[in-house]
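Note sheet for the following structure.
Chain letters run A, B, ... following the sequence lines, proteins first and then strands; every chain starts at 1.
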2 protein chains.
Amino acid sequence: MKSLKLSSNMEDYLESIYNLEKFNKVARVKDIAQWLQVKMPSVSGALRVLSRKNLIKHERHGYVELTASGRTIAEQVQQKHQDLTDFFTGVLRINPAQAARDACRVEHVVSRTTMNQIKKFMRKSVNQKKTKKRKKNRYGKKSSR
Amino acid sequence: MKSLKLSSNMEDYLESIYNLEKFNKVARVKDIAQWLQVKMPSVSGALRVLSRKNLIKHERHGYVELTASGRTIAEQVQQKHQDLTDFFTGVLRINPAQAARDACRVEHVVSRTTMNQIKKFMRKSVNQKKTKKRKKNRYGKKSSR
DNA sequence: TATAATTATTAGGTACGCCTAACTTCAACC
DNA sequence: GGTTGAAGTTAGGCGTACCTAATAATTATA
């Protein structure tokens, strides 16, 4: 391991590469820049750092690719992002656009503990809803929606 | 208005001054440093910035005091902090220490919209609990605790 | 009141992350 | 194969926020 803790910004770069690989097949400097709303030289700089940490593979003027360890980190961040978005929209009833914006920023600062509790809470809410429905049906009341 | 958006760090400085004024009557450079786990020169630097923005009053070697506008910001941040802490402990069942740590970081990145929904959600949970209790009592079951 | 200890400031340096401007490389087309 | 435009890199600069070391001011104590 080169260094253990990754900055929020570097996590964002990894996450954007991950998403671009997923949606565009390949990740290019220009697309990363556009995704993150920064200029290309900022991306070049970041890629140099991530390369040195062996989180990406990147040859001059070539596509950017995640390494296995880079992918692991990206997936973790992405998962947090997804879980937070679900929580914000599903539980807190935030509109999707705002939920995404908040998730983007919260995902870098929220603890593992809290993420776990959030997921636990969501599982519980789902069960409660199911239970409610069952009860209503059992008592012959019309189910909501 | 000098400049509109304050960095997370500057918000932290304001918040710590606010808390120190509240708990210690006065805020001193040394105490701020201790509170935020930074060295005194970092505090001196930050205070210069906040002074220029008219958010604090600070004469060389004197106590630090919030101005009206500084206090307003500090109170807003502090309120978010409190609401998030309540949410984390009360709803998500996070232990108080971890809740405080998360609140400290989330308070700077979460949107107003989401904060509002969090508060709404908490009010709703409280009501639901009350309702449950009432129901239980009405049906003659022993109330929890 | 002079000295010691504490508190605060200034000076100067580092790391990060962004930018613009200038240059290079690549690919695509004539 | 040379030209041209897009994509990418390098160079150099800026702002933020932290640090250590050195210095200054204040407060406490002998």
Q. Does any pair with a residue in residues 8-25 of chain A pass salt bridge (Lys or Arg N to Asp or Glu O under 4.0 Å), and if so which ones, sequence neighbours excluded?
A.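 Passing the test, one end in residues 8-25 of chain A: E21(A)-R71(A).
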Q: Any pair with a residue in residues 104-116 of chain B that passes salt bridge (Lys or Arg N to Asp or Glu O under 4.0 Å), sequence neighbours left out, goes on the list, sorted by first then second residue, please.
A: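 Applying salt bridge (Lys or Arg N to Asp or Glu O under 4.0 Å) to every pair that reaches into residues 104-116 of chain B, excluding sequence neighbours, yields D102(B)-R105(B).
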Q: Sorted by first residue and then second, give each side-chain hydrogen bond (donor to acceptor under 3.5 Å, both in side chains) pair with at least one member in residues 58-67 of chain B; sequence neighbours left out.
A: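 Pairs touching residues 58-67 of chain B that pass the test: T67(B)-S69(B).
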**Q.** DNA chain C contacts among residues 9-17 of chain B, heavy-atom distance under 4.0 Å
**A.** none
Q | Those residues of residues 20-41 of chain B lying under 4.0 Å from DNA chain C by at least one heavy atom | A | R28(B), V29(B), K30(B), M40(B), P41(B)
Q.
Could you tell me how far apart I56(A) (CD1) and dG8(D) (P) are, to the nearest whole angstrom?
A. 13 Å
**Q.** Nearest-angstrom distance from the residue atom CG of L6(B) to C1' of dA17(D)
**A.**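 For the pair L6(B) CG and dA17(D) C1', the rounded distance is 14 Å.
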Only counting residues at least two apart or in another chain, list the ones meeting side chain to side chain contact (heavy atoms under 4.5 Å, CB included) with [X].
X	result
S16(B)	I32(B), W35(B), L36(B)
K120(B)	Q117(B), R123(B)
A46(B)	M10(B), Y13(B)

**Q.** Donor-acceptor contact present, side-chain S125(B) to main-chain F121(B), <3.5 Å
**A.** yes
Q) Earliest and latest nucleotide of DNA chain C, 5' to 3', sitting under 4.0 Å from a non-hydrogen atom of chain B? A)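 Terminal contacting nucleotides, 5' to 3': dT7(C) to dT10(C).
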Q.
If the condition is salt bridge (Lys or Arg N to Asp or Glu O under 4.0 Å), which residues does R101(B) pass it with, not counting sequence neighbours?
A.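 For R101(B), no residue satisfies salt bridge (Lys or Arg N to Asp or Glu O under 4.0 Å) once neighbours in sequence are set aside.
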Q. Who are the salt bridge (Lys or Arg N to Asp or Glu O under 4.0 Å) partners of K119(A), not counting sequence neighbours?
A. D83(A)
Q | Those residues that, when tested against D86(B), pass side chain to side chain donor-acceptor pair (under 3.5 Å) (two or more places apart) | A |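 Residues passing side chain to side chain donor-acceptor pair (under 3.5 Å) with D86(B): Q82(B).
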Q) So, is R60(A) close to the dT10(D) phosphate, meaning a side-chain N or O under 4.0 Å from OP1 or OP2? A)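 Yes.
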